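The block underneath contains the structure these notes are about, expressed in structure tokens.
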Amino acid sequence: MQTANDLRALLQRIDRRSYPAYKDTRGAYQFPGYVLSIDHVQGDPFAAPSRLSIRVGGRAASFPPALYQSRPQRIALQDALTRKFGHLAARASGQAKGSGHSGLISVSRCGQEVLERTACSLDPAAGAVLLRLEVGFPANGRTINARELDKLLFDLLPRCVQGSLIYAAWKPERLQAVAHLAEDQAYIRQALPKLGLCAFVADGSILPRSSGVSQLPMEGAVPFRSPDSLSVTLDLPHRGKLTGMGVPRGVTLIVGGGYHGKSTLLKALELGVYDHIAGDGREYVITDSSAVKVRAEDGRSIVNTDVSMFIRGLPNGKDTAAFSTQDASGSTSQAANVVEALEAGAGVLLMDEDTSATNFMVRDQLMQRVIRRDMEPITPFLDRVRELYDRRGLSTILVAGSSGAYFHPADHIIQMDRYVPRDVTDLAKKEAAAFPRRSDPLPPAEDPNFARRPKADLAYAQNDRVKVKSMGRDGVLIDRENIDLRCVEQLADGEQTAALGLCLVYARRRLFDGKRTLAQIAQELENLMDQKGLEALCPGRDSVPFLARPRRQEILACLDRWRGLRF
């Protein structure tokens, strides 16, 4: 391994040469207390920045093992290190001058969720810290400005490392609070099934966000307060007793007037599958980690999906036990989304009337009188929601503001009144009794066929040059093929979509063999990330991009929305 002095001497030799001479800097260099690796060098100052990594040994980093002994603690600590390094890097960025991206220093931009990322990883055995970053190598025009890079690598960057990746730079109580919060969140998540709950919302939580483009908590928002009938008190390992609303398993309806907080509560539950940082307001909003938000999705691709529990007897004779379309309607897309959630192992469905297909959700009594059941190929979700829980254990949390039809199958009905939840189950049931449902009994739906096995693609398996580009949370571009993920609403970060793109590439090369089912492929991808980390998704690359870990449910959602899927 070369030394920092070797790198400095090299920079002096290539100063004022043409920009491609920066390629000679690739390699690892021993700096005081850490190793700096230059993994990928940009082609010119206007191209994507160079990729570097910093490795601080366990002895130099000195983070106590008690801060990362469990997986949730380790991910939370990595998240905290990334955030602090990013804060220091933002202050240092641009101090080295030049053209294009010269002087840029950046890492992953973390949101309110705590996600496992490639930006920072901590070895649980040795305590070593690895941080990945991007740096714009300075230039004047397209001529190397090595003096500015020297300033960046030997002055600015060491300050960032010393201020974030070394335990001595932290107040011990701050990192202890991070570890304690992670443990408390994991405790709640593990307690949910034992208590017969699918979600928990702590009293005092701040659910509204400051704006439609910001995930920060709204100032002056009404704190959440559980109705007495749904109140649950948990004794957390560190915080102690915490009281909040427990959402029982079964069918739960959230109702109320417009702008009273129905969708705000549902949105908090959607993202409750992830842990949140302290101060977010939703750090103690915890949802079953397998929960899936389902909605209508006009125009999506559906391939060989068994939607027969909801749609059968189409006029064109199309087989709904293996339904395919490149341009799904609202009802067929939502039916497919429910079945695919089952395939992904979901224990809870989250649905909002506002983003659902009306004819998929309900058919009122008057419509049933005019259009008989034998004339309508769609079985509304209303007629299956009870069965989904009773036979398959799939709970549903549904926001409804205009139709009272779901009062009948619901176990619990929560009214949001000026952001304050009230249990109105008894009142709603009493009123619903005056409007009895008149519907012909349905035979139980057959178990969906989940034996979809993607065909092998030998030509693709030999293609080692595939470009993957994240389009934020909207989707991912693989070469020239766009996978639209705008309706996969539980994606919290664009780095997750980048990881999904690499999941698809990896699966097409190594797992599509005509034998594995889609569910098995998603499980193998999860196992791969568990055992080898997100880095395992990009073998053979000269550097690892910024990635954040998606759930199995989003992996399957991405595979299902790839228009090239073939069985």
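Because the structure is predicted, anything quoted here is derived from the model rather than measured.
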Between Arg452 and Thr305, does the side chain to side chain donor-acceptor pair (under 3.5 Å) criterion hold? Intermediate values first, please. CA-CA 8 Å; Arg452 298 186 295 158; Thr305 302; 3.1 Å; yes
Residues 198-209 side chain polar contacts: donor-acceptor under 3.5 Å, at least two apart:
from: Asp203; atom 1: OD1; to: Ser226; atom 2: N; distance (Å): 2.9
from: Asp203; atom 1: OD2; to: Arg225; atom 2: NH1; distance (Å): 3.4
from: Ser205; atom 1: OG; to: Ala202; atom 2: O; distance (Å): 2.7
from: Arg209; atom 1: NE; to: Leu207; atom 2: O; distance (Å): 3.3
from: Arg209; atom 1: NH1; to: Gln215; atom 2: O; distance (Å): 2.6
from: Arg209; atom 1: NH1; to: Asp280; atom 2: O; distance (Å): 3.2
from: Arg209; atom 1: NH1; to: Asp280; atom 2: OD1; distance (Å): 3.0
from: Arg209; atom 1: NH2; to: Ile206; atom 2: O; distance (Å): 2.7
from: Arg209; atom 1: NH2; to: Asp280; atom 2: O; distance (Å): 3.0

How many angstroms lie between NE2 in His276 and CG in Leu115, if you round to the nearest 0.5 Å? 9.0 Å
From CE (Met245) to OG (Ser229), nearest 0.5 Å: 9.5 Å
Nearest heavy-atom pair of [X] and [Y]: which atoms, and what distance?
X	Y	value
Ala61	Val56	N-CG1, 3.6 Å
Gln490	Tyr274	O-OH, 2.8 Å
Asn449	Asp306	N-OD2, 3.0 Å
Arg473	Gly494	CG-N, 3.8 Å
Ala428	Ile413	CB-CD1, 3.3 Å
Pro409	Lys429	C-NZ, 4.3 Å

Looking just at side-chain N and O atoms, do Glu353 and Ser403 make a donor-acceptor pair shorter than 3.5 Å? no
Ser164 side chain to Lys84 backbone, donor-acceptor under 3.5 Å: no
Heavy-atom donor-acceptor pair, Ser470 side chain to Gln496 backbone, under 3.5 Å: no
With under 30° as parallel and over 60° as perpendicular, where do the rings of His238 and His180 fit, or are they tilted in between? parallel
What donor-acceptor contacts under 3.5 angstrom involve side-chain atoms of residues 254-264, with partners at least two apart or in another chain?
from: His260; atom 1: ND1; to: Arg418; atom 2: N; distance (Å): 2.8
from: Lys262; atom 1: NZ; to: Gly256; atom 2: O; distance (Å): 3.3
from: Lys262; atom 1: NZ; to: Gly257; atom 2: O; distance (Å): 3.0
from: Ser263; atom 1: OG; to: Asp352; atom 2: OD2; distance (Å): 2.7

Quick one, Glu526 and Arg549 - any side-chain contact, counting heavy atoms below 4.5 Å? yes
Show me the donor-acceptor pairs, under 3.5 Å and distance only, between side chains in residues 334-342 and residues at least two apart or in other chains.
from: Gln334; atom 1: OE1; to: Ala357; atom 2: N; distance (Å): 2.9
from: Gln334; atom 1: NE2; to: Ser356; atom 2: OG; distance (Å): 3.0
from: Asn337; atom 1: OD1; to: Arg300; atom 2: NH1; distance (Å): 2.6
from: Asn337; atom 1: OD1; to: Arg561; atom 2: NH2; distance (Å): 3.1
from: Asn337; atom 1: ND2; to: Arg295; atom 2: O; distance (Å): 2.8
from: Asn337; atom 1: ND2; to: Glu297; atom 2: OE1; distance (Å): 3.4
from: Asn337; atom 1: ND2; to: Ser333; atom 2: O; distance (Å): 3.3
from: Glu340; atom 1: OE1; to: Arg300; atom 2: NH1; distance (Å): 2.8
from: Glu340; atom 1: OE1; to: Arg300; atom 2: NH2; distance (Å): 3.4
from: Glu340; atom 1: OE2; to: Arg300; atom 2: NH2; distance (Å): 3.1

Using a 6.0 Å cut-off, check whether atom CD of Glu173 has over 12 heavy atoms from anything other than its own residue. yes
Salt bridge or not between [X] and [Y]? Use side-chain N to carboxylate O under 4.0 Å.
X	Y	result
Asp493	Arg109	no
Arg386	Asp411	yes
Asp184	Arg239	no

